[in-house]
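Keep in mind it's a predicted model, so treat the numbers as computed, not measured.
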Amino acid sequence: MQRLFFLNGDQDLSAFLLVNLGLVRFPDYTCSVSLPIFPDRNFSAAWVYSKVLFLGVSVFEHERRYEDAVGLLRVLLSRFTSDSRRGHWLLRLSVDLEHLGGLDESLSVAEEGVLDPWVRAGSKMALQRRIVRLAKPPRRWKVPNCAHLLKRKIKEVNINGRPLNCETGAKNIFYGYDGDLCGVEQLALQYYAGDGGSWQGIHSESGIWMTIFGLLMWDIIFSGVPNVFHSKFQMAPLDLDTDDFYVAIKFHIEAHLKLIQDGKAEEILTSSWKSHCGTSCRGVNWERHSLSELQTVVAYIGGHCLASLCRHLAQDYRSWSSGMPDLLLWRFHGDRDVGESKLVEVKGPRDRLSEQQ
């Protein structure tokens with residue numbers, strides 16, 4: 001009953017008590033329900049079955065039973081034609097076919113996969129890399145269209161640190177520039193604050209971007225679209241993780257993004273903070289960053305980049321809400337009204353970038 005009322009697996013009846021005690025506050029929005037969540041009382045367990053099948057794929061791959069893994073992947077892809085997991089399934093299918101020696105079919109799966117509208121972000125880039133690697137003569141004579149996208153050179157900076165431990169699988173601990181023990185991200189922050197160019201910064205990953213998105217887009221997120229708010233205990237509309245979020249209110253979203261691009265971001269963020277501070281909203285962490293810190297970040301990221309970031313998240317929140325670089329840095333040039341910012345992904349000696357990153 002709790003699952004059907006809250007429509008998630010995280011909340012329970014204690015939400016009523018927390019609200020009554022004033023310990024938790026949910027946003028103000030209108031619940032306008034004209035359509036049922038489910039078409040009838042026969043609930044489907046298809047998602048559960050798909051999860052079990054993919055666990056089976058992992059077992060078969062671990063045991064190198066690639067033909068069995070390919071069989072299960074084909075079942076999944078044939079039954080779930082509109083699913084955000086298709087990218088990962090297609091990637092595994094292409095890899096397993098290569099293990100079986102079917103290079104032509106492996107390439108064809110990758111080529112068809114990048115054209116699938118449900119294949120996005122890191123999974124799409126991973127398939128593109130497979131295409132570039134496999135599409136060599138005589139299989140393909142033409143250079144793949146995606147080849148130029150994968151040739152971007154990202155600047156690398158090597159930082160030498162004194163490690164406390166060198167154990168495989170353990171988190172790296174270093175002696176910082178100040179002599180204290182720290183993680184690799186804090187070591188990088190210390191480097192950039194000193195010899196690296198007098199940068200200020202924070203170890204943020206995706207967290208700060210989700211907070212900025214929530215504050216900048218608050219009025220859009222809780223605009224009262226019909227059938228996306230079913231109870232007064234929601235931290236986001238039910239369609240936020242779907243394409244429908246952007247499609248349903250595209251005109252209003254683009255009008256709001258125009259304000260952000262034209263330099264209104266700091267004003268919008270400040271207003272949202274003062275009006276809603278402490279209110280539960282998906283992705284917004286009120287305690288990790290101060291208002292002044294967020295204002296500084298927004299000011300030096302700039303309206304164009306902020307609007308682009310918010311557009312990506314509005315169009316596909318599920319794909320773009322993870323994988324952001326570890327560090328966000330900024331610095332001023334003489335006059336404090338002029339500055340720049342940049343993102344830094346920090347990797348230890350044995351780490352590598354994921355496709356999502």
> Within a strict 4.5 Å, meaning less than it, do heavy atoms of the Arg282 and Asp241 side chains meet?
Replying inline: yes

> Can you name the salt bridge (Lys or Arg N to Asp or Glu O under 4.0 Å) partners of Asp244, sequence neighbours left out?
Replying inline: none

> Mind checking what makes salt bridge (Lys or Arg N to Asp or Glu O under 4.0 Å) contact with Asp243, not counting sequence neighbours?
Replying inline: Arg120

> Are any non-hydrogen side-chain atoms of Ile208 and Leu294 less than 4.5 angstrom apart?
Replying inline: yes

> Is Gln357 reaching over with its side chain to a backbone N or O of Ser354, donor-acceptor style, under 3.5 angstrom?
Replying inline: yes

>> Which heavy atom of Met324 sits nearest to which heavy atom of Ser206, and what is that distance?
In response: N-OG, 3.2 Å

> Do Arg86 and Asp116 have side-chain heavy atoms sitting under 4.5 Å apart?
Replying inline: yes

> How long is the span from the OH atom in Tyr300 to the CZ atom in Phe332, to the nearest 0.5 Å?
Replying inline: 4.5 Å

>> Nearest 0.5 angstrom please: Tyr317 OH to Ser319 OG, how far?
In response: 12.5 Å

> If two hydrophobic side chains count as joined below 4.5 Å and joins carry through other members, does Leu291 share a cluster with Leu216?
Replying inline: yes

> Who are the ring pair (Phe, Tyr, Trp, His ring centres under 6.0 Å) partners of Phe16, not counting sequence neighbours?
Replying inline: Phe5, Phe233

>> Test of understanding: clusters of I, L, V, M, F, W, Y form through side-chain heavy atoms closer than 4.5 Å, transitively. Do Leu327 and Ile301 belong to the same one?
In response: no

>> Tell me every residue that passes ring pair (Phe, Tyr, Trp, His ring centres under 6.0 Å) with Phe43, counting only those two or more places apart in sequence or in another chain.
In response: Phe38

> Under 4.5 Å between any side-chain heavy atoms of Val228 and Tyr29, yes or no?
Replying inline: no

> Which atoms form the tightest heavy-atom contact between Pro144 and Val132, and what is the distance?
Replying inline: CG-CA, 4.2 Å

>> Ignoring hydrogens, what is the shortest heavy-atom contact between Leu306 and Ala265? Give both atom names and the distance.
In response: CD1-CB, 3.8 Å

> With distance as the sole test, does Trp330 use its side chain to make a donor-acceptor pair with the main-chain N or O of Val297 at under 3.5 Å?
Replying inline: no

> Would you say Phe54 and Val57 make side-chain contact, with heavy atoms under 4.5 Å?
Replying inline: yes

> Can you tell me how far CD of Gln11 sits from OG of Ser280, rounded to the nearest 0.5 angstrom?
Replying inline: 8.5 Å

>> Among residues at least two apart in sequence or on other chains, which ones pass salt bridge (Lys or Arg N to Asp or Glu O under 4.0 Å) with Asp104?
In response: none

> Is any side-chain heavy atom of Gln261 closer than 4.5 Å to a side-chain heavy atom of His304?
Replying inline: yes

>> Which heavy atom of Ser198 sits nearest to which heavy atom of Arg331, and what is that distance?
In response: O-CB, 3.7 Å

>> Surrounding CG of Asn145 (heavy atoms of other residues, nucleotides or ligands, distance under 6.0 Å), is the total greater than 12?
In response: no

Show me, pair by pair, the donor-acceptor contacts under 3.5 angstrom made by side chains of residues 181-194, not counting sequence neighbours?
{"unit_1": "Gln186", "atom_1": "OE1", "unit_2": "Gly183", "atom_2": "N", "d": "3.3"}
{"unit_1": "Gln190", "atom_1": "OE1", "unit_2": "Tyr177", "atom_2": "N", "d": "2.6"}

>> Using modelled atom types and a 3.5 Å cut-off, is there a donor and acceptor pairing between side-chain atoms of Gln356 and backbone atoms of Ser322?
In response: yes

> Among pairs that include at least one residue of residues 215-225, which meet side-chain hydrogen bond (donor to acceptor under 3.5 Å, both in side chains), considering only residues two or more places apart or in two chains?
Replying inline: Trp218-His276

>> Are Met217 and Leu257 packed together at the side-chain level, in the sense that at least one heavy-atom pair is separated by less than 4.5 angstrom?
In response: yes

> Can Glu254 and Arg311 be counted as an ion pair, charged N to O under 4.0 angstrom?
Replying inline: yes

>> Does Leu309 form a side chain to side chain contact (heavy atoms under 4.5 Å, CB included) with Leu313? I'd like the steps, not just the answer.
In response: CA-CA 6 Å; Leu309 171 81; Leu313 287 167; 4.3 Å; yes

> Under 4.0 Å between a Lys/Arg side-chain N and an Asp/Glu carboxylate O for Lys347 and Glu345?
Replying inline: yes

> Is there side-chain contact between Phe229 and Ser32, with heavy atoms separated by less than 4.5 Å?
Replying inline: no

>> Given 3.5 Å as the limit, does a donor-acceptor pair link the side chain of Ser275 with the main chain of Ser272, or not?
In response: no

> More than 12 foreign heavy atoms under 6.0 Å from CD of Glu67: is that the case here?
Replying inline: no

>> Considering only residues two or more places apart or on different chains, which pairs with a residue in residues 237-257 satisfy ring pair (Phe, Tyr, Trp, His ring centres under 6.0 Å)?
In response: none

> Looking just at side-chain N and O atoms, do Ser290 and Ser292 make a donor-acceptor pair shorter than 3.5 Å?
Replying inline: yes

> When you look at Leu328 and Leu343, which way does the side chain to side chain contact (heavy atoms under 4.5 Å, CB included) test go after all the steps?
Replying inline: CA-CA 5 Å; Leu328 170 61; Leu343 297 168; 3.8 Å; yes

>> Once side chain to side chain contact (heavy atoms under 4.5 Å, CB included) is applied, do any residues pair with Val143, and if so which ones, sequence neighbours excluded?
In response: Ala147

>> Between Trp320 and Trp209, is the side chain to side chain contact (heavy atoms under 4.5 Å, CB included) condition met? List the steps.
In response: CA-CA 10 Å; Trp320 296 112; Trp209 303 105; over 6 Å; no

> In this structure, which one of Val344, Val346, Ile202 forms a side chain to side chain contact (heavy atoms under 4.5 Å, CB included) with Asp326?
Replying inline: Val346

>> Can you list everything that forms a salt bridge (Lys or Arg N to Asp or Glu O under 4.0 Å) with Asp262? Sequence neighbours excluded, please.
In response: Lys258

>> How long is the straight-line distance from OG of Ser50 back to CZ of Arg85, given to the nearest 0.5 Å?
In response: 3.5 Å

> CG of Asp28: more than 12 outside heavy atoms within 6.0 angstrom?
Replying inline: no

>> Would you say NZ of Lys342 has more than 12 non-hydrogen atoms from neighbouring residues, nucleotides or ligands within 6.0 angstrom?
In response: yes

>> Measuring from atom CG of Leu77 to atom CG of Leu72, what distance do you get when rounded to the nearest 0.5 angstrom?
In response: 11.0 Å

For a quick test of your reading: what N or O donor-acceptor pairs under 3.5 Å do the side chains of residues 87-101 make, sequence neighbours left out?
{"unit_1": "Arg92", "atom_1": "NE", "unit_2": "Glu61", "atom_2": "OE2", "d": "3.1"}
{"unit_1": "Arg92", "atom_1": "NH2", "unit_2": "Glu61", "atom_2": "OE2", "d": "3.4"}
{"unit_1": "Ser94", "atom_1": "OG", "unit_2": "Ser106", "atom_2": "O", "d": "3.0"}
{"unit_1": "Ser94", "atom_1": "OG", "unit_2": "Ser106", "atom_2": "OG", "d": "2.9"}
{"unit_1": "Ser94", "atom_1": "OG", "unit_2": "Arg130", "atom_2": "NE", "d": "2.8"}
{"unit_1": "Glu98", "atom_1": "OE1", "unit_2": "Arg130", "atom_2": "NH1", "d": "3.3"}
{"unit_1": "Glu98", "atom_1": "OE1", "unit_2": "Arg130", "atom_2": "NH2", "d": "2.5"}
{"unit_1": "Glu98", "atom_1": "OE1", "unit_2": "Arg133", "atom_2": "NH2", "d": "2.9"}
{"unit_1": "Glu98", "atom_1": "OE2", "unit_2": "Arg133", "atom_2": "NH1", "d": "3.2"}
{"unit_1": "Glu98", "atom_1": "OE2", "unit_2": "Arg133", "atom_2": "NH2", "d": "3.4"}

>> Show me the pairs that pass salt bridge (charged side-chain N to carboxylate O under 4.0 Å, His left out) and involve residues 136-148, at least two apart or across chains.
In response: Glu111-Arg140

> What is the distance from atom OG of Ser58 to atom CD of Glu63, rounded to the nearest 0.5 Å?
Replying inline: 11.5 Å

> Which pair of non-hydrogen atoms, one from Ser84 and one from Trp118, has the smallest distance, and what is that distance?
Replying inline: N-CE3, 3.8 Å

> Nearest heavy-atom pair of Asn227 and Ser34: which atoms, and what distance?
Replying inline: OD1-N, 2.7 Å

